[in-house]
Amino acid sequence: MDVRLGYVAMSVHVTNASPSKTMTAKQFTGIMDREAGLRKLERIAQENLRNCLRLLYHNRAYDITFFRLSSKLIPLVGHELTEGWEYRGHLEAEFRTLGDVAAKDGVRLDFHPDHFVVLNTPRKNVLQVSLDTLKHHIWMLKALGIQPNHRCVLHIGGAYKDKGKAIRQFIKNWELVPEEIKGSLLLENDDKVFTAKETLELCEALGVPMVLDIHHHRCNYEENEEEIEALLPRIIDTWKDSPLPVKMHISSPRSEKDRRSHADYVTPEDMFPFLRQVANYTDQLDMMVEAKKKDDALFRLMEWVNKQGEKEQIRSLNGASFRIH
DNA sequence: ACAGGTCAAGTCGTA
DNA sequence: TACGACTTGACCTGT
């Protein structure tokens, strides 16, 4: 199986290159001239996009071809204070440049809209805002020149004291989700509420590919649930109609006491034995490394591959990719 | 330069 | 009904 590693949003090696610079609503309100405020937001967004471009050049230099974009590229977009803001024309050129570089390098880009996007909410207004946020993500993907299919990862959402009911609410709300948004989505198991098995069953019912987060699974599974390997063929099968390789998430626990939080680095023992299991079911995998040390965690894993890999029958391909037998 | 508090958004537990 | 925790980087304020 060929594995390609990716990292999330920002680099610890490229400094002063945040893609998530922002302005608070309070600051925005304090600017007397609203138009001047909007121009400032546009300048911040342009800076974020230029920083993303620097990250893509960094990725190019190290053969990293899998990357999650920040969902905070455009500050205050979707907030009621900026209603009617015509930001698109001001940012199209930057998005196109980014998309061109990513396409040239064969980079897989995706988003993980944050936890305010909740598709199984019983509140109409929350659903509406969530859908608006997703529409905005689809606009960004198109501005990058990317087909929006299977690019936005979400969790199922809240439990609302009854997980069965919460799943039924998801399916009910799904009817209200525009087709284009449905097609852009992926669902991921979370670390507190919905287990891998529950997420898988929903994905199968809706025809949505599933992103398995193995760390979340280790934090959250039913006692009587089958081993993860029993679910792997079905998880991988949810990708059969996708143009993209299967994607999973990996991280290590911060500490024994705080097992849910992400550690600085990924412990090889947390990853490679698991990859061997996955390799029984697919020959290609994109693995998103969710570690505090971002790209440095990825470099450390590749160092391990280069040093220890041979005796484990793991061979470095180029940059952040390797082959596991 | 640095430490500590605050920030749009949702959900959940507690009071 | 209201509030802090959750979690996170960025930014502000005070020193």
Side-chain angles (χ1 to χ4, degrees), chain A residues 7-31 34 37-38 40-41 43-52 55 68-85 87 111-137 152-163 165-167 169-170 173 188 190-194 213 215-216 219-220 249 251-255 257-264 288-297:
Chain A
Y7 69 101
V8 177
M10 58 190 295
S11 163
V12 298
H13 286 273
V14 186
T15 53
N16 299 314
S18 167
S20 314
K21 290 169 86 74
T22 190
M23 191 198 295
T24 63
K26 202 172 168 186
Q27 276 174 281
F28 183 81
T29 315
I31 298 170
R34 184 169 183 273
L38 293 175
K40 172 135 194 211
L41 289 175
R43 286 198 302 277
I44 294 170
Q46 286 162 354
E47 192 183 344
N48 288 339
L49 292 165
R50 281 196 301 274
N51 283 336
C52 274
L55 294 170
R68 180 191 301 167
L69 291 167
S70 165
S71 279
K72 299 187 180 71
L73 294 172
I74 308 177
L76 293 182
V77 69
H79 192 280
E80 59 178 8
L81 285 172
T82 64
E83 206 178 326
W85 175 27
Y87 59 92
F111 284 113
H112 195 336
D114 50 20
H115 64 284
F116 307 112
V117 175
V118 187
L119 288 188
N120 79 332
T121 180
R123 296 158 63 192
K124 277 215 158 55
N125 186 49
V126 174
L127 179 61
Q128 192 51 58
V129 171
S130 296
L131 293 177
D132 289 346
T133 305
L134 289 171
K135 274 180 200 158
H136 165 66
H137 279 80
C152 297
V153 186
L154 292 182
H155 295 288
I156 294 175
Y160 309 103
K161 294 181 185 154
D162 181 345
K163 280 207 272 181
K165 196 173 157 202
I167 293 274
Q169 183 75 53
F170 193 107
N173 286 357
E188 178 193 352
D190 67 78
D191 57 354
K192 282 218 286 262
V193 184
F194 293 102
D213 186 313
H215 173 66
H216 289 167
C219 296
N220 179 29
H249 293 172
S251 48
S252 284
R254 166 126 289 243
S255 66
K257 272 201 170 353
D258 183 12
R259 297 196 56 83
R260 289 203 352 259
S261 301
H262 293 165
D264 287 355
M288 184 55 70
V289 173
E290 296 186 328
K292 286 246 186 260
K293 295 292 185 184
K294 308 286 181 187
D295 50 339
D296 198 48

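Below, chains carry the letters A, B, ... as their sequence lines are ordered, and counting in each starts from 1. Quick note: numbers below take in every heavy atom, side chains included, and nothing from hydrogens, waters or symmetry partners.
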Mind checking the [atom1] distance from [N] to [M]? Whole angstroms is fine.
N	M	atom1	answer
dT8(C)	dA1(B)	P	28 Å
dG10(B)	dA10(C)	P	22 Å
dG5(B)	dG4(C)	P	14 Å
dT13(C)	dA8(B)	P	13 Å
dT7(C)	dA3(B)	P	23 Å

Measure [atom1]/[X] against [atom2]/[N] and give the value in whole Å, please.
X	N	atom1	atom2	value
F28(A)	dT6(B)	CZ	C1'	20 Å
D190(A)	dG10(B)	CG	P	18 Å
K26(A)	dA9(B)	NZ	P	13 Å
K165(A)	dT11(B)	NZ	P	14 Å
E80(A)	dA9(B)	CD	P	10 Å
E83(A)	dA8(B)	CD	P	17 Å
M23(A)	dA8(B)	CE	P	12 Å
N16(A)	dA1(B)	CG	C1'	14 Å

What contact category does [X] fall into here, base, sugar-phosphate, or nothing, at under 4.0 angstrom with non-hydrogen atoms?
X	answer
L76(A)	base
V8(A)	nothing
T121(A)	sugar-phosphate

* To do: Assign the ring pair F111(A) / H137(A) to parallel, tilted or perpendicular, where the plane angle (0 to 90°) is split at 30° and 60°.
  => perpendicular

* To do: Could you tell me how the ring of Y87(A) sits relative to the ring of H136(A): parallel (under 30°), tilted (30 to 60°) or perpendicular (over 60°)?
  => perpendicular

Can you check nucleotides 12-15 of chain B for protein contacts, nitrogen or oxygen pairs under 3.5 Å, and list what you find?
residue	atom	partner	partner atom	Å
dC12(B)	OP1	A159(A)	N	2.5
dC12(B)	OP1	Y160(A)	N	3.0

* Asked: When you check the side-chain N and O atoms of S71(A) and D114(A), is any donor under 3.5 Å from an acceptor?
  -> no

* **Over 12 non-hydrogen atoms of neighbours within 6.0 angstrom of NZ in K293(A)** => no

* Would you say K40(A) has more than 12 foreign heavy atoms packed within less than 6.0 Å of its NZ? -> no

* Asked: Hey, are the side chains of L73(A) and P19(A) touching, using non-hydrogen atoms and a 4.5 Å cut-off?
  -> yes

Could you run down the sub-3.5 Å N/O contacts of the protein with nucleotides 6-10 of chain C?
residue	atom	partner	partner atom	Å
dT7(C)	OP1	R260(A)	NH2	2.7
dA10(C)	OP1	S18(A)	OG	2.4

* For F116(A) and dA9(B), are the ring centres under 5.5 Å apart with planes inclined under 30°? -> yes

* Candidate pair N220(A) and F194(A), rule side chain to side chain contact (heavy atoms under 4.5 Å, CB included), full reasoning -> CA-CA 8 Å; N220(A) 179 29; F194(A) 293 102; 5.6 Å; no

* For the pair E290(A) and H215(A), evaluate side-chain hydrogen bond (donor to acceptor under 3.5 Å, both in side chains) and give the outcome as yes or no after the intermediate values. => CA-CA 10 Å; E290(A) 296 186 328; H215(A) 173 66; over 6 Å; no

* Asked: If you check every side-chain atom of Q27(A), which of dG10(B), dC12(C), dA8(B) has the closest atom?
  -> dC12(C)

Rounded to the nearest 0.5 Å, how far does [atom2] of [Y] lie from [atom1] of [X]?
X	Y	atom1	atom2	value
T82(A)	M23(A)	OG1	CE	11.0 Å
R254(A)	H262(A)	CZ	NE2	10.5 Å
K72(A)	K21(A)	NZ	NZ	14.5 Å
N125(A)	R123(A)	CG	CZ	7.5 Å

* **Audit row: T133(A), V77(A), side chain to side chain contact (heavy atoms under 4.5 Å, CB included) steps and yes/no** => CA-CA 9 Å; T133(A) 305; V77(A) 69; over 6 Å; no

* Watson-Crick or G-U pairs under 3.5 Å in DNA chain C, rendered as dot-bracket with [ ] for crossing pairs and | for another strand -> ||||||..|||||||

